[in-house]
Amino acid sequence: FIGSTNMLGLLPHSFTPTTQLSMNLGMAIPLWAGTVITGFRYKTKASLAHFLPQGTPLPLIPMLVVIETISLFIQPMALAVRLTANITAGHLLIHLIGGATLALINISATTAFITFIILILLTILEFAVALIQAYVFTLLVSLYLHDNT
């Protein structure tokens with residue numbers, strides 16, 4: 001789903017849903033919550049063990065539990081922001097270079113052609129980024145599930 005919506009945004013005059021943080025949070029939070037709830041339901045002791053590494057000195061225990069708890073709750077936000085930022089940045093760069101190419105046509109055809117070649121190469125890169133970001137999102141959710149089960 002993520003890969004196809006990322007690719008959808010590379011079509012002219014289309015909208016990429018994954019450039020919206022709310023969309024990505026809407027996918028990340030339930031998937032993350034499902035992995036955490038599954039972990040606490042079926043392997044409570046192992047899930048709680050992630051909050052405190054083995055051999056931690058006694059004075060550091062309260063601080064490490066707080067840090068690991070914050071780290072756990074930041075995971076879905078990091079997942080969503082990573083996808084949003086990477087897709088938005090690539091689409092914005094394509095838009096800017098495309099506009100520069102159109103502006104350069106009247107000034108210098110040679111420079112416009114070089115810019116157009118850069119635009120084509122960037123578009124090819126964006127196809128790869130669209131698929132890689134879908135893979136990374138899925139991989140990270142899979143790793144969260146592995147950590148909690």
Side-chain angles (χ1 to χ4, degrees), residues 1-104 114-149:
F1 174 75
I2 296 171
S4 62
T5 56
N6 287 348
M7 298 296 272
L8 175 71
L10 294 172
L11 295 173
H13 307 292
S14 65
F15 174 72
T16 311
T18 51
T19 59
Q20 300 299 308
L21 186 59
S22 59
M23 165 83 176
N24 295 334
L25 280 172
M27 290 186 296
I29 290 174
L31 289 170
W32 167 83
T35 64
V36 171
I37 291 168
T38 301
F40 276 106
R41 183 173 182 192
Y42 294 109
K43 293 192 177 183
T44 307
K45 189 175 180 180
S47 293
L48 290 173
H50 285 288
F51 291 107
L52 190 62
Q54 192 173 15
T56 304
L58 196 59
L60 291 178
I61 289 176
M63 187 173 32
L64 273 177
V65 169
V66 169
I67 289 170
E68 289 298 325
T69 303
I70 291 169
S71 171
L72 179 70
F73 284 105
I74 286 178
Q75 286 177 347
M77 180 63 85
L79 195 60
V81 168
R82 178 183 295 112
L83 179 60
T84 302
N86 287 324
I87 298 302
T88 302
H91 286 45
L92 183 63
L93 195 55
I94 286 176
H95 182 74
L96 291 172
I97 292 178
T101 303
L102 289 175
L104 287 171
I114 292 170
T115 309
F116 182 70
I117 296 299
I118 292 170
L119 181 63
I120 290 172
L121 294 173
L122 183 62
T123 303
I124 293 168
L125 177 67
E126 276 305 303
F127 274 104
V129 167
L131 295 175
I132 289 169
Q133 287 306 311
Y135 172 74
V136 167
F137 189 95
T138 307
L139 177 69
L140 288 174
V141 169
S142 159
L143 290 174
Y144 297 157
L145 184 60
H146 179 69
D147 285 346
N148 288 299
T149 56

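Of all heavy-atom pairs spanning P76 and A28, the tightest one is O-CB, 3.6 Å. Of all non-hydrogen atoms in N6 and A134, the two that sit nearest each other are ND2-N, 4.0 Å.
Side-chain contact between L131 and F127 is absent, with no heavy-atom pair separated by less than 4.5 Å. At least one side-chain heavy atom of W32 sits under 4.5 Å from a side-chain heavy atom of L72. No side-chain heavy atom of T84 sits under 4.5 Å from any side-chain heavy atom of V81. When side chains are defined from C-beta on, I29 does not count as touching M77, because their heavy atoms never get closer than 4.5 Å. Using a 4.5 Å heavy-atom cutoff, the side chains of F40 and L48 are in contact. Side-chain contact between F73 and T69 is present, with heavy atoms from C-beta onward closer than 4.5 Å. Residues R82 and N86 form a side-chain contact, since some pair of their non-hydrogen atoms from C-beta on lies under 4.5 Å apart. Using a 4.5 Å cut-off on side-chain heavy atoms (C-beta onward), I94 and L10 make contact.
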Q: Applying side chain to side chain contact (heavy atoms under 4.5 Å, CB included), run through T18 and F137 and close with a yes or a no.
A: CA-CA 11 Å; T18 51; F137 189 95; over 6 Å; no
Q | Test log, rule side chain to side chain contact (heavy atoms under 4.5 Å, CB included), inputs L125 and L122 | A | CA-CA 5 Å; L125 177 67; L122 183 62; 4.1 Å; yes
(Q) Apply side chain to side chain contact (heavy atoms under 4.5 Å, CB included) to residues L145 and V141 and explain how you reach the verdict. (A) CA-CA 6 Å; L145 184 60; V141 169; 5.6 Å; no
**Q.** Steps toward side chain to side chain contact (heavy atoms under 4.5 Å, CB included) verdict (L104, I114)
**A.** CA-CA 10 Å; L104 287 171; I114 292 170; over 6 Å; no
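Applying side chain to side chain contact (heavy atoms under 4.5 Å, CB included) to V136 and the options L140, L139, T138 leaves one that passes, L140.
Using a 3.5 Å distance cut-off with no hydrogens or angles, the side chains of T16 and H91 do pair a donor with an acceptor.
Here the straight-line distance linking atom CD1 of I2 with atom CE of M23 works out to 7.5 Å at 0.5 Å rounding. To the nearest 0.5 Å, the span separating CD1 on I117 from CG on L121 amounts to 7.0 Å. Between the CG atom in N24 and the CG atom in L83 there is a gap of 4.0 Å [rounded to 0.5 Å]. Distance check: L102 CG to I97 CD1 gives 12.5 Å after rounding to the nearest 0.5 Å. Atom-to-atom distance recorded for L52:CG and I67:CD1 is 11.5 Å, nearest 0.5 angstrom. Between M63 atom CE and E68 atom CD the span is 12.0 Å, to the nearest 0.5 Å.
Enclosure of atom CZ in F116 is not indicated, since only 12 or fewer non-hydrogen atoms of other residues, nucleotides or ligands lie within 6.0 angstrom. Other residues, nucleotides and ligands place more than 12 heavy atoms under 6.0 Å from the CZ atom of F15.
T88 places no side-chain N or O within 3.5 Å of a backbone atom of A85 that could act as its donor or acceptor partner.
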